[in-house]
*Asks:* 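Got a structure for you, written out below as structure tokens; questions coming shortly.
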Amino acid sequence: MKTILVTGGAGFIGSNFIHLMIQKYVDYKIINVDTLTYAGNLENLKNIEKHENYNFIKANICDKVKIDDIFSKYSIDYVVNFAAESHVDRSIVNPEIFLITNIIGTQVLLDVAKNHWKKEPHNKYNIEYRNDVKFLHVSTDEVYGALGKTGKFVETMPLMPNSPYSASKASADLIVRAYHETFGMPINITRCSNNYGPYQFPEKLIPLMINNCLNNKSLPIYGDGLQVRDWLHVSDHCEAIDCVLHNGDNGEIYNIGGNNEKTNIEIIKLIINTVGKSEKLITYIKDRPGHDRRYAIDNSKITTQLGWKPKFSFEVGIMDTIQWYLNNNHWITNIVNGDYREYYEKIYK
Ligand code: NAD
Ligand code: TYD
């Protein structure tokens, strides 16, 4: 029996992770803490909301008193920290909230976990922890910055984030690492490439393009569309997090990726052709400032040391995903009818 505090569990990856954990570990309890920003959607968890092993608590990870109460009420064994502001374009328009949630929020979680997980008696710095606890911080390959035409990100590379989003994620990684080095906190950090799959907020490339195709709206490509992303199905990412949570060596960082490099234009044309629309919908617009040219993950550490490997080929995963959005059109239209669109459309005119 383990109790896992999942932060940001109403978002895209967090909700997929909760579905996986509830199904896979019948004796685990999941506490989902989410403040429900524009990106948090409890619809994603509708079919498990009454499950006996699942609890939702609306709370902000920056609220130390509330997070402390949650740790006191439930005996938390693991923290899996997904909660974040996650969209690069929004970080360009309004960086501040990215620093607050992604950095301060992470530090609050670390501090509260440290206080609840230490063994008594302890001294202030040489802290001994319960040996069955872990703080897993979910990070991104974007902390490494951008690659040229060749090479892949490895865990030992220096961090060179280019957007306010990736800079806030890199800062969070460093504070998690510092809690390990200074206070001996049991941690792992995972750095994954771009995810695709069900329940992704339709401001991100794949769901945005699918939705725009369905509504015969233009498909905005930033710059020349030849930027490269390394795509991984969200369920493979969630399995990798589960693997690191249970088997990752204390203090280690693991890259997660599936060797699926695609240009943005390739992705968009694939969607257009699958949905049966015309390439005339494509509109080239002004490039994103500081736009990273290429990401690619070297996943050899997690595959060789922990035995994880992705199950989805990109060809199957992307077809399943497009089909999911076609079958669940109500999910996306409920969101799109909300306030995000106007906001988004103002960004790159
Ligand atoms: P998302 O934007 O879909 O979900 C984020 C969730 O966090 C939302 O439910 C939101 O309500 C919640 N949240 C935001 N601020 C909060 C706060 N202060 N307190 C509590 N909850 C808060 O994001 P996602 O795509 O699911 O990403 C989850 C994590 O994975 C993020 O940390 C992101 O950096 C990382 N990541 C994402 C990708 C990707 O391709 N989407 C790739 C690698 C890593
Ligand atoms: P995005 O889904 O925002 O993820 P990230 O910026 O974290 O990689 O964007 C993926 C790629 O698609 C990125 O190179 C920017 C590009 N893009 C467009 O060309 N048009 C769009 O409308 C969006 C949202 C993204």
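Both ligands and their constituent atoms are indexed starting at 1 by order of listing. From a predicted model like this one, the values you see are computed outputs, not experimental measurements. Numbers here are sequence positions counted from 1.
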*Asks:* Show me which atoms of ligand 2 lie under 4.0 Å from any heavy atom of Glu203.
*Replies:* 24 (C)
*Asks:* Looking at Val88, which atoms of ligand 2 are within less than 4.0 Å of one of its heavy atoms?
*Replies:* 6 (O), 7 (O)
*Asks:* Give the atom numbers and elements of ligand 2 that come within less than 4.0 Å of a heavy atom of Ile221.
*Replies:* 19 (O)
*Asks:* Going by heavy-atom distance to atom 13 (C) of ligand 2, choose the closest among Met209, His87, His291.
*Replies:* His291
*Asks:* Give the numbers and elements of all ligand 2 atoms closer than 4.0 Å to a heavy atom of Lys204.
*Replies:* 2 (O)
*Asks:* Can His19 and Asn44 be counted as having a side-chain donor-acceptor contact under 3.5 angstrom?
*Replies:* no
*Asks:* Output the list of atoms in ligand 2 that are nearer than 4.0 Å to some heavy atom of Glu142, sorted by atom number.
*Replies:* 5 (P), 7 (O), 8 (O)
*Asks:* So what's ligand 1 close to, N/O to N/O, under 3.5 Å?
*Replies:*
residue	atom	partner	partner atom	Å
ligand 1	2 (O)	Ser86	OG	2.7
ligand 1	3 (O)	Phe12	N	3.0
ligand 1	9 (O)	Gly11	N	3.0
ligand 1	9 (O)	Asp34	OD1	3.4
ligand 1	9 (O)	Asp34	OD2	2.6
ligand 1	11 (O)	Asp34	OD1	2.6
ligand 1	11 (O)	Thr37	N	3.0
ligand 1	11 (O)	Thr37	OG1	3.1
ligand 1	18 (N)	Asn60	OD1	2.8
ligand 1	18 (N)	Thr101	OG1	3.2
ligand 1	19 (N)	Ile61	N	3.0
ligand 1	21 (N)	Thr35	N	3.2
ligand 1	23 (O)	Ser86	OG	3.3
ligand 1	26 (O)	Phe12	N	3.3
ligand 1	26 (O)	Ile13	N	2.8
ligand 1	32 (O)	Phe82	O	3.0
ligand 1	32 (O)	Lys169	NZ	2.6
ligand 1	34 (O)	Tyr165	OH	2.6
ligand 1	34 (O)	Lys169	NZ	3.1
ligand 1	40 (O)	Asn195	N	2.9

*Asks:* Below 3.5 Å, N or O to N or O, backbone or side chain included: is there any such pair between Tyr222 and ligand 2?
*Replies:* yes
*Asks:* Considering only heavy atoms from C-beta outward, does the side chain of Lys301 approach that of Val154 to under 4.5 Å?
*Replies:* no
*Asks:* Using a strict cut-off of 4.0 Å, indicate which atoms of ligand 2 neighbour a heavy atom of Pro220.
*Replies:* 18 (C), 19 (O), 20 (N), 21 (C), 22 (O)
*Asks:* For the residue pair Tyr144 and Asn255, confirm or rule out a side-chain donor-acceptor distance under 3.5 Å.
*Replies:* yes
*Asks:* Could you check whether Tyr38 and His87 have their ring centres less than 6.0 Å apart?
*Replies:* no
*Asks:* Run the ring-ring contact (aromatic ring centres under 6.0 Å, His included) test against His233 and tell me which residues pass, sequence neighbours left out.
*Replies:* Tyr196, Phe312
*Asks:* Can you confirm whether Thr140 sits close enough to Tyr295 that some side-chain heavy atom of one is under 4.5 Å from a side-chain heavy atom of the other?
*Replies:* no
*Asks:* Could you tell me how the ring of Phe17 sits relative to the ring of Phe82: parallel (under 30°), tilted (30 to 60°) or perpendicular (over 60°)?
*Replies:* tilted
*Asks:* Is Tyr295 close to ligand 2, meaning an N/O of one under 3.5 Å from an N/O of the other?
*Replies:* no
*Asks:* For ligand 2, is any non-hydrogen atom under 4.0 Å from Leu208's backbone (N, CA, C, O), its side chain (CB onward), both, or neither?
*Replies:* side chain
*Asks:* Please indicate whether any nitrogen or oxygen in Trp231 is less than 3.5 Å from any nitrogen or oxygen in ligand 2.
*Replies:* no
*Asks:* Which residue pairs pass the ring pair (Phe, Tyr, Trp, His ring centres under 6.0 Å) test with at least one member in residues 39-63, sequence neighbours excluded?
*Replies:* none
*Asks:* Please confirm whether the backbone N or O of Asn211 pairs with a side-chain atom of Asn215, one donor and one acceptor, at under 3.5 Å?
*Replies:* yes
*Asks:* Scan for ring pair (Phe, Tyr, Trp, His ring centres under 6.0 Å) pairs involving residues 253-285, sequence neighbours excluded, and state none if there are none.
*Replies:* none
*Asks:* Within a reach of under 6.0 Å around NZ of Lys311, are more than 12 heavy atoms found that belong to other residues, nucleotides or ligands?
*Replies:* no
*Asks:* Is any NZ, NE, NH1 or NH2 atom of the basic residue among Arg191 and Asp173 found under 4.0 Å from an Asp or Glu carboxylate oxygen of the other?
*Replies:* yes
*Asks:* Would Asn194 count as being in polar contact with ligand 2, using the rule that some N or O on each side must be under 3.5 angstrom apart?
*Replies:* yes
